Amino acid sequence: MLKVLIPTLMLIPTTWATKPKWLWPTTLAHSLIIAVLSLSWLVNMSETGWSNLSPYLATDALSTPLLVLTCWLLPLMILASQRHTATEPVNRQRMYITLLTSLQVFLILAFGATEVIMFYVMFEATLIPNMIIITRWGNQTERLNAGVYFLFYTLAGSLPLLVALLLLQGSVGTLSILTLPYADPLQLVSCGDKLWWAGCLLAFLVKMPLYGVHLWLPKAHVEAPVAGSMILAAVLLKLGGYGMMRIVVVLDPLTKELSYPFIVFALWGVIMTGSICLRQTDLKSLIAYSSVSHMGLVVGGILTQTPWGFTGALILMIAHGLTSSALFCLANTNYERTHSRTMLLARGLQMALPLMTTWWFIASLANLALPPLPNLMGELMIITSLFNWSWWTLLLTGVGTLITASYSLYMFLMTQRGPIPAHVLALDPSHTREHLLMALHLLPLLLLVLKPELIWGWTS
Amino acid sequence: MLTRLSRFGPALPRLLSTPPARFVSQSKPSGAAGSTAVTELYPAAQQAGHSEVSPYVKNPDYHGFSSDPVVDEWNMRLGFFFGISVALVIGGTFIHYLPDHGMRQWARREAERVIQLREKEGLPLIGENYYDSNKIVLTTAGEE
């Protein structure tokens with residue numbers, strides 16, 4: 001773990017010590033080397049067990065894909081932010097990179113944590129840099145409201161989690177993730193125990209987000225600058241999924257009955273947020289609601305508590321992380337040229353920027369879960385697992401898949417096809433930087449088609 | 001963001017100091033508080049920091065990284081080298097040659113081997129008990 005953690009920590013002094021001219025190339029190269037080192041975590045020689053063990057950190061088949069995704073995202077965020085921060089004083093640029101790096105450090109510690117309280121502390125710690133990024137570097141006044149929603153929704157969900165975890169520590173004696181699955185099953189009978197069950201999950205459901213407590217997400221994603229949107233969509237939502245997958249081992253057998261309303265909420269959310277996407281005029285808002293929709297499926301998959309459900313959830317989390325981040329970067333290429341997120345203002349871009357259309361096309365296809373991309377594989381496994389839980393879910397997931405395809409196609413057609421509006425006169429051609437950014441998002445997604453067992457988690 | 005530059009006063013070229021049509025903030029934003037005042041919406045032709053000149057005019061080989069052509073070129077090279085050549089190609093090769101991820105292929109071979117063994121000996125493919133029942137020590141009814 002340290003071979004990745006120490007270089008990441010040292011990236012902070014690097015940003016402050018580098019000469020202003022070479023700040024961005026240096027941090028980009030540094031973070032890419034860290035990303036390459038993180039690939040060593042993918043070595044998994046044991047059937048189910050833990051690797052890279054230390055007293056506080058360890059990796060297993062569940063956390064490794066998320067860790068690699070986290071490390072891969074920092075250079076992408078640096079690439080994406082280079083242009084819009086170019087006009088700021090260099091110390092503010094350094095502060096921005098420092099915030100992104102500190103997010104990475106907290107996320108590595110969160111996904112690698114062996115003890116649930118450490119995971120909780122890191123889970124909360126990621127809120128601070130994110131709040132600062134959204135409220136300081138966002139572009140509209142709404143960013144302040146967005147920051148408030150983001151912070152307080154998550155905090156309101158996670159304070160019960162803290163109480164629940166302390167209660168768990170009291171009754172089980174340990175909160176080590178390595179041994180919790182083997183602890184004696186808890187006697188969960190009273191009403192208080194059911195509240196405890198809800199307390200354990202609420203924070204993660206707010207984070208995912210579950211439809212119903214999802215209001216913070218469209219605000220935060222839209223108001224954040226591109227790097228903020230990227231890290232939110234790609235990794236921070238998955239913190240919720242990861243937390244759920246870890247905590248659900250101690251929540252038996254209540255989960256069999258109590259998860260019913262949450263699965264229904266999640267699936268209804270898939271349809272509702274999908275329908276909202278079809279009516280969106282704001283591009284980033286469309287992508288944000290698309291994230292809620294996909295994460296609804298993930299929540300459903302995790303709450304069914306079957307091997308296929310978990311595997312599907314993990315695959316979809318990784319695939320969605322890359323796809324959603326790619327879409328936010330594409331939206332940012334539009335935003336940097338027109339300074340507007342309204343889709344109607346920048347249409348027919350295939351005529352003006354045909355190479356970027358290729359990336360739009362691949363990203364949209366990934367979003368609508370085209371085979372053989374892992375997006376589809378994850379969705380299929382979750383849908384199968386939900387069908388096994390109840391036949392009626394097929395109606396909801398089927399309609400959900402249909403709506404997902406519709407709005408992804410809608411997004412592509414609105415931005416790329418049709419005539420260019422008359423007011424679009426002078427757009428910068430697509431930069432090499434933007435092409436590199438999109439390639440680094442979508443090529444790993446395509447490579448995952450060739451070796452999907454990396455993201456299967458615990459299943460054989 | 002352009003209004004922030006206006007605190008440099010007359011040093012700013014006249015181009016940038018023409019007030020745009022929609023101006024919400026009436027005071028010069030001070031650096032101390034950061035910019036929480038709503039700045040004007042950019043007209044589409046004026047890109048941030050570029051006034052009206054596209055960066056391609058000064059540097060036809062602009063890659064999108066920096067206005068300094070040397071830094072721009074080197075940034076591009078570093079990005080592509082470490083991003084594509086090292087991370088995707090070398091990293092991808094490393095991942096491709098990883099041995100038996102999660103011991104799945106081993107598990108398959110072991111299962112086939114055990115099945116063949118059991119069928120040859122006529123034993124059931126898998127025993128009823130997970131643990132050997134001879135090794136379990138139970139307390140008798142009289143003991144505590």
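Not measured: the values here are computed from a predicted model. Sequence lines set the chain letters: A, B, ... in the order given, protein chains first and strands last, and positions in each chain run from 1. Every heavy atom of this structure was used, including side-chain atoms; hydrogens, water molecules and symmetry mates were not.
Of the atoms belonging to Tyr56(B), it is side-chain heavy atoms, and not backbone ones, that fall under 4.5 Å from chain A. Using a 4.5 Å cut-off between heavy atoms, Asp68(B) contacts chain A through its side chain alone, with no backbone atom that close. Only the side chain of Ile33(A) comes within contact range of chain B, judged by heavy atoms closer than 4.5 Å. Contact annotation for Leu454(A): both backbone and side-chain heavy atoms come within less than 4.5 Å of a heavy atom of chain B. Neither the backbone nor the side chain of Ser31(A) comes within contact range of chain B; no heavy atom of the residue lies under 4.5 Å from a heavy atom of that chain. For chain B, the nearby part of Leu28(A) is the side chain; its heavy atoms alone come within less than 4.5 Å.
The shortest heavy-atom contact between Gly83(B) and Trp72(A) is O-CH2, 4.1 Å. In this structure, Ser54(B) and Asp428(A) approach most closely via the heavy-atom pair OG-OD1, 3.4 Å. Here the closest non-hydrogen pair linking Leu98(B) and Leu42(A) is CD1-O, 3.7 Å.
Two residues are said to be in side-chain contact when any heavy atoms from C-beta on lie closer than 4.5 Å; Leu88(B) and Leu440(A) meet this criterion. Residues His63(B) and Arg433(A) are not in side-chain contact: their nearest non-hydrogen atoms beyond the backbone lie 4.5 Å or more apart. His96(B) places none of its side-chain heavy atoms less than 4.5 Å from the side chain of Lys451(A). You'll find the side chain of His101(B) stays beyond 4.5 Å of the side chain of Trp456(A), heavy atoms only. Val36(A) has its side chain out of reach of Phe82(B): every pair of non-hydrogen atoms, C-beta onward, lies at least 4.5 Å apart. You'll find the side chain of Val86(B) stays beyond 4.5 Å of the side chain of Leu32(A), heavy atoms only.
Atom OG of residue Ser66(B) and atom CZ of residue Arg83(A) lie 11.5 Å apart, to the nearest 0.5 angstrom. Rounded to the nearest 0.5 Å, atoms CZ (Phe65(B)) and CG (Leu436(A)) are 5.5 Å apart. How far CD of Gln105(B) is from CD of Glu453(A): 7.0 Å, rounded to the nearest 0.5 Å.
Other residues, nucleotides and ligands contribute more than 12 heavy atoms inside 6.0 Å of the CH2 atom of Trp22(A). With a 6.0 Å radius and a threshold of 12 heavy atoms from other residues, nucleotides or ligands, Ile126(B) has its CD1 atom at or below the threshold. Summarising the local packing, CZ of Arg77(B) is surrounded by more than 12 heavy atoms from other residues, nucleotides or ligands at distances under 6.0 Å.
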Subject >> Audit row: Val43(A), Phe94(B), side chain to side chain contact (heavy atoms under 4.5 Å, CB included) steps and yes/no >> reply: CA-CA 10 Å; Val43(A) 178; Phe94(B) 167 73; 3.8 Å; yes
Subject >> Candidate pair Asn75(B) and Gln82(A), rule side chain to side chain contact (heavy atoms under 4.5 Å, CB included), full reasoning >> reply: CA-CA 11 Å; Asn75(B) 200 332; Gln82(A) 199 159 344; 2.6 Å; yes
Original post:
Which is it for Thr432(A) and Tyr62(B) under the side chain to side chain contact (heavy atoms under 4.5 Å, CB included) test, yes or no, and what are the steps along the way?
Top reply: CA-CA 8 Å; Thr432(A) 318; Tyr62(B) 183 60; over 6 Å; no
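Across Pro444(A), Ala29(A), Pro75(A), Pro429(A), the residue that shares the most heavy-atom pairs under 4.5 angstrom with chain B is Pro429(A). Chain A forms more heavy-atom pairs under 4.5 Å with one residue of Val71(B), Leu78(B), Val70(B) than with any other, namely Val71(B).
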